[in-house]
K.L.:
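Starting off with a structure, shown below.
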Protein chains: 2
Amino acid sequence: MAQVRPMRADARRNYERLLKVAAEAFAEHGENASLDDIAKRAGVGSGTLYRHFPNRQALLEAAYVDRIEAIATRAGEIAKALPPGEALVEWLHELCVGTIQVRGMKVLLGSAVTDGSSAAVTACGTSMKEAASRLVEAAQREGTLRADVEPIEVLRLAHGIAIASELANGQGAYIRRYLSLLTEGLRP
Amino acid sequence: MAQVRPMRADARRNYERLLKVAAEAFAEHGENASLDDIAKRAGVGSGTLYRHFPNRQALLEAAYVDRIEAIATRAGEIAKALPPGEALVEWLHELCVGTIQVRGMKVLLGSAVTDGSSAAVTACGTSMKEAASRLVEAAQREGTLRADVEPIEVLRLAHGIAIASELANGQGAYIRRYLSLLTEGLRP
DNA sequence: ACCTGAACACCGTTCAAGT
DNA sequence: ACCTGAACACCGTTCAAGT
């Protein structure tokens, strides 16, 4: 893979400062935060930002991969603590909270479950799909989840639920409600 | 209300040209289409665009109100043709198709069902809510829809379903599936 | 009353010059 | 090998001058 030679010390320092500042900026100003501003706040020239991250999407991903990996990791922990059906719902809830609260992450999580998503987001997309598969398949074996839905579909639907909750009010107060409407259905 | 005096002939002409061009531009380039470009294509100075539409959201709304009103109107037509439960689902399907296919409309329909939405989108938001209320309440009386969901919640959930379908593939192939997963629920 | 378009500020992106 | 920052292009927004 890439990066056989280690980075020069100053390059590594800049890279990490950029990531840290970018995560803050995206969280504060949303996915369209000014790249120039991020470079300035990190104390580097704008060219340096482009050297490390060729476009906004690349920076966005790099800034949040660890967060997304953390969510994926949570799947395993929750699976040990709860029965399959509940575990799935609980994990989806945490996923939705992350989607709404960390403003920059919404786009990223969205593109992670898109059909023709870029190679850049494939990495964390794969982690999410694996995490989802584990919980989904367990719930299906248990018989608390329909057998005809695929893991990636559950991720997409959860993303939709996050959006719906966001429309209801800024923070995630409605996530549990809308998530349970999805699992139980709109029929009486 | 506004607009007591009729517009001057040239103003009216410009206004309508701007709307027509804007609808095309938003459909083609999405909600972030260049306003300057819209003004140029409409053959007016950029100041004229701002005179008629103080910001992007205002233009976006003006360009698509009639489309949204048309969707709202469809509710009544569908209600006459189908039993309540089916009518609701059918209408939500048409709504989702519009949300996805007409690129500029997504943001607008979203903000129409947001809690603190601007006064600008209140008008078409109201039409949508009325249309939804009619179908939702009929389905609830019929007993095919849970009694504890409100019309605006159904609109928000439908918006979420549209997003989920969009993630699945560009066009609306998955809308019916995800809509039925919502109505029937994820449990077996 | 309305229109025009120059002017300004801001941002993304590139690249020659520097270490 | 990497960094800097000036330079360019583009866009949103304002406003003085014009009809």
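In the text below, chain A, chain B and the rest are named by the order of the sequence lines, each starting its count at 1.
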K.L.:
Of A/R176, A/R67, A/R74, which meets salt bridge (charged side-chain N to carboxylate O under 4.0 Å, His left out) against A/E94?
P.N.:
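Answer after filtering A/R176, A/R67, A/R74: A/R74.
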K.L.:
Search all heavy atoms of A/A33 against all heavy atoms of A/F26 and return the closest pair with its distance.
P.N.:
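Here A/A33 and A/F26 meet closest at CB-CD2, 4.0 Å.
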K.L.:
Where the side chain of B/A11 is defined as all heavy atoms beyond and including C-beta, which of D/dC2, C/dT4, C/dC2 is the nearest nucleotide?
P.N.:
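Selected nucleotide: C/dC2.
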K.L.:
Quick one: is C/dC2 close enough that its OP1 or OP2 comes under 4.0 Å of any side-chain N or O from B/H52?
P.N.:
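It does not, given that no N or O in the side chain of B/H52 lies less than 4.0 Å from OP1 or OP2 of C/dC2.
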K.L.:
Just by distance, no angles: are the side chains of A/Y178 and B/E153 close enough, under 3.5 Å, to form a donor-acceptor pair?
P.N.:
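A pair is found: one side chain offers a donor N or O, the other an acceptor, under 3.5 Å apart.
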K.L.:
So what does the secondary structure string of DNA chain D come out as, 5' to 3', with Watson-Crick or wobble pairs under 3.5 angstrom, [ ] for crossing and | for pairs with another strand?
P.N.:
||.|||||...|||||.||
K.L.:
At under 4.0 Å between heavy atoms, how does the protein contact nucleotides 6-19 of chain C? Give one character per nucleotide, 5' to 3', with B, S or -.
P.N.:
B----SSBBB----
K.L.:
Run the salt-bridge test on A/E166 and A/K106 with the 4.0 Å N-O cut-off and return the result as yes or no.
P.N.:
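Here A/E166 pairs with A/K106 in a salt bridge, since their nearest N and O are under 4.0 Å apart.
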K.L.:
Parallel, tilted or perpendicular: which describes the rings of A/Y15 and A/H52, with under 30° parallel and over 60° perpendicular?
P.N.:
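If you compare the ring of A/Y15 with that of A/H52, the planes turn out perpendicular.
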K.L.:
Which pair of heavy atoms, one from A/L95 and one from A/M128, lies closest together, and at what distance?
P.N.:
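Taking every non-hydrogen atom into account, CD1-CE, 3.5 Å.
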K.L.:
Below 4.0 angstrom, N of the basic side chain to O of the carboxylate: do A/E184 and B/R146 qualify?
P.N.:
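The answer is yes: the pair qualifies as a salt bridge.
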K.L.:
How about B/Y174: does its OH atom have over 12 heavy atoms from other parts shown lying under 6.0 Å from it?
P.N.:
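Not more than 12 within 6.0 Å, no.
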K.L.:
Could you check how far CZ of B/R51 sits from C1' of C/dA1, rounded to whole Å?
P.N.:
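Those two atoms, CZ and C1', are 7 Å apart.
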K.L.:
If I take atom CG in residue A/N14 and atom P in nucleotide D/dC3, what distance separates them, rounded to the nearest angstrom?
P.N.:
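After rounding, the gap between these two atoms is 5 Å.
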K.L.:
Whole Å only: how far is the CG atom of A/D10 from the P atom of D/dC2?
P.N.:
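My rounded result for the distance is 8 Å.
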K.L.:
To the nearest Å, how far apart are B/L18 CG and C/dC2 P?
P.N.:
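These atoms are roughly 14 Å apart.
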K.L.:
Using whole Å, report how far CZ of B/R12 lies from C1' of C/dA1.
P.N.:
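Result: 15 Å.
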